[in-house]
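Beneath this line is the structure, given in C-alpha cells, with notes to follow.
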Amino acid sequence: MEPAAIAVKDVEHRYGAKLAVQIPYLAVPRGGTVTLLGPNGSGKSTLLRIMALLELPGRGQVAFSGELPATPGQRLAQRRSMTMVFQDPLLFAGTVYRNVAYGLRLRGLPAAEVAGRVERSLAMLGIADLKHRPATALSGGEAQKVALARCLAVEPEVLFLDEPTTHLDAPAKQAFLSDLGGLLERLGLTAVFVTHDQSEARSLGGRIAVLEGGYLRQEGPAEQVLRRPASLSLAGFLGAQCAGRGRVVSATCVAVNGITLALEPVRERSGLVDIILRSEDVLLHRGDEAGDGMNSFRGKVTAVALEGQLYRVTLAGPLTVSAYLTAHVVRAWSLTVGDKLTASFYPDALHLLPCEETA
Amino acid sequence: MDLLVDGFRQAVLLIVTRDPEVAGITLLTLRVSGTATLFALALGLPVGLALGLRQFPGRNLLLGLVNTGMGLPPVVVGLFVALLLWRTGPLGSLGLMYSPPAMILAQFVIAFPIIAGLTAAAMQQLDPRIRLQSLALGASGSQALWTMLGEARLPLLAAVMAGFGGALSEVGAVMIVGGNLKGLTRVLTTATVMEVRMGRFETAIALGLILLGLSFAVNLLLTMLQQGGTGRWSLRPLQ
C-alpha cells in the first residue's frame, strides 16, 4: 500500500499552557484533498503549519511518504516540495512577475526557466495580462490569484491553503474556488485546505477532518462527514439540523411524534435518537403527495427568511425541518408564515444519533 | 545677505581652485563619518534585527537603552570617549586620543543607536507573516531574512541616512576627542566652528556650504539606491 503523502502521528502542540492541537493520526492521501474544517480557534491553522513544516510540534511527528525529515537539510528539501497560500495574499513589493518568480529564484533556477514557468502559471489562472502590474495595484481577487500562481509556479507536490477566500467578496470567492478545484483535479496535486465554511469544504470534495478545540472530532469522505456528523454539536457546525427526537422501533424505521419514518437499515441503534437532516435533502411541496419511497409529513410554515439568493423555509410538524425555495416559488405560492406544506425526504437522508441525554 | 553671497562665492572658489587644505578637510570628514557609519551599520543592523525580530529576556530594556542612545548629546559622547582614550584611561595605552580613529569611535557611538533603533522599528512594523510566506515558498532561514530586509529596504536605508547624518553633523564629540588639529583631525564641522570664532564668516559659510553639499551628495546616493530599487529585490539562490 502506498504511504500517505502526509501522515500526522500523535501530534500535540501548545501555546504556553493552552492546547492548540492534539491529533492522534491524520493522513493526507497522495493526489487527494483534505479539508481541515473547524470554527475559529479550533487549531486547524496550527495543524496546517505543522504539516507544512513551518512550525515544530511540541510532541509527535509528521511523515512525508513514510519518511521523517530529520536534518535541517531534509526539512528544507521537504518544504521545497510544498507551498502555501495564506488568508492574505502577502505579496512582496514589486511586480506580479517578480512575485511569481520568487520561489523559483530561491531555488536558483536559470532565468529562462523562471520566465517560462511564470508565464505558464499566470496563464493557468488566466491572469497573464497582470504580469507587469505592481503587486500593490491589484484587487483582492487578483492578488489572491497571483498568490496561488506564485505557489503553482514552483510545481509543488503538496499545496496548503489557509482560508484563502476569507477576504474575498462572494463573486471573487466563487471564482477562486472554481479555479482551484479545476487546477487540483487537472494537476493531480495533493492539497490541504483550511476553512470554517462547510460549503467550501463540500465544494472541494475529497476528505474532511473536523477539528474542535484542538481535537480531531471526525474524519472521512466529505459527503459522509457532512451527512453523517458524529455528534449533535458537529451536526450544528456542519449545517445539519436536529429535526426531532424519535425512537428506533426496528432496523428500518423510527417513530417520531406519531409518525413512522423509513430508514436505511441501521445497525447498533436503538432507543431514543436525535434525527439529523440536511436542508438540501428536504423537498417542500404544497400537495400531500410524496415521491415513491420517500418519507413525508405535513407541517406549518414558521419562518421564511432570505439567505443569499434563496429563501430558507422552516416547517414545524412531527419534525422541524428547514428547506430552501427559490424566490420564484415563494412568490408563486404566495408563501407566508402559517401556510401548510408537505416535507419529504429519502430514507438515506436521515442520520440518527443516540440521544445525548440518555446515551 | 552680502555675507552669504560672499560665502557662497568663496565656497565655489575653494572648490574650483581645489584648495588643498579644504580638500583635505573634506576628505577627512568623509572618511571619518563614512567609516563610523559603516561600523555603526555593521553592528547596528544585526542588533536592530535582533531587537526587532526576536523575543528574549531584557529585550525591552535594551530597546529602551538604544532608543535613549538615539538622542545622545555629542558633547557627552565626546567626554566619555575622551575619558576612555585619555592617557590614564582604560584604552589610553593605544594612544588614539586626538587622532581620526578616536573621532571615528566617537561618531560610531553616536550613529550606532540611531541605526540599531531605526532598524528595530523598521523590522517591527514589517508584517511577521512575510517571513512565514517566504519560508512557505521554499526559502531557507537566511533567504527569508534577506527577503525581509528587502521588504524593509525603505526604512532601513532611511536608518543609514539618519546614522550618517548624525555622524556628519555632530561637532562636540570630534572637537573633544580630535582636538581640531590642522592637517590631522580637522573636519568640516570643527573647521567651521573655528572660522566663526575667528570672525572669518565667509570661510565659515563656505565650509558650511561644502558640508551641506557633501551631506546632500551622500544622501542623494542613498536615496537613489532606496527609491531606484522600489519594487525590487534580489535573492540569493541557495548555495
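The sequence lines fix the lettering, A, B, ..., with proteins before strands; numbering per chain opens at 1. Reckoned from all heavy atoms, side chains included, excluding hydrogens, waters and symmetry mates.
Looking at B:R131, its side chain never comes within 3.5 Å of a backbone N or O of B:T147 through a donor-acceptor pair.
Of the inter-residue distances, the one linking B:T37 atom OG1 with B:L168 atom CG reads 8.0 Å to the nearest 0.5 angstrom.
Only the backbone of A:M82 comes within contact range of chain B, judged by heavy atoms closer than 4.5 Å. Residue A:R150 touches chain B through both its backbone and its side chain, counting heavy-atom pairs closer than 4.5 Å.
Classified by interplanar angle (parallel below 30°, tilted 30° to 60°, perpendicular above 60°), the ring pair A:Y15/A:H13 is perpendicular. Ring geometry, A:Y102 versus A:F92: the interplanar angle falls from 30° to 60°, so the pair is classed tilted.
Taking A:R79, A:E55, A:R75, A:R49 one by one and counting their heavy-atom pairs under 4.5 Å with chain B, the maximum is reached by A:R79.
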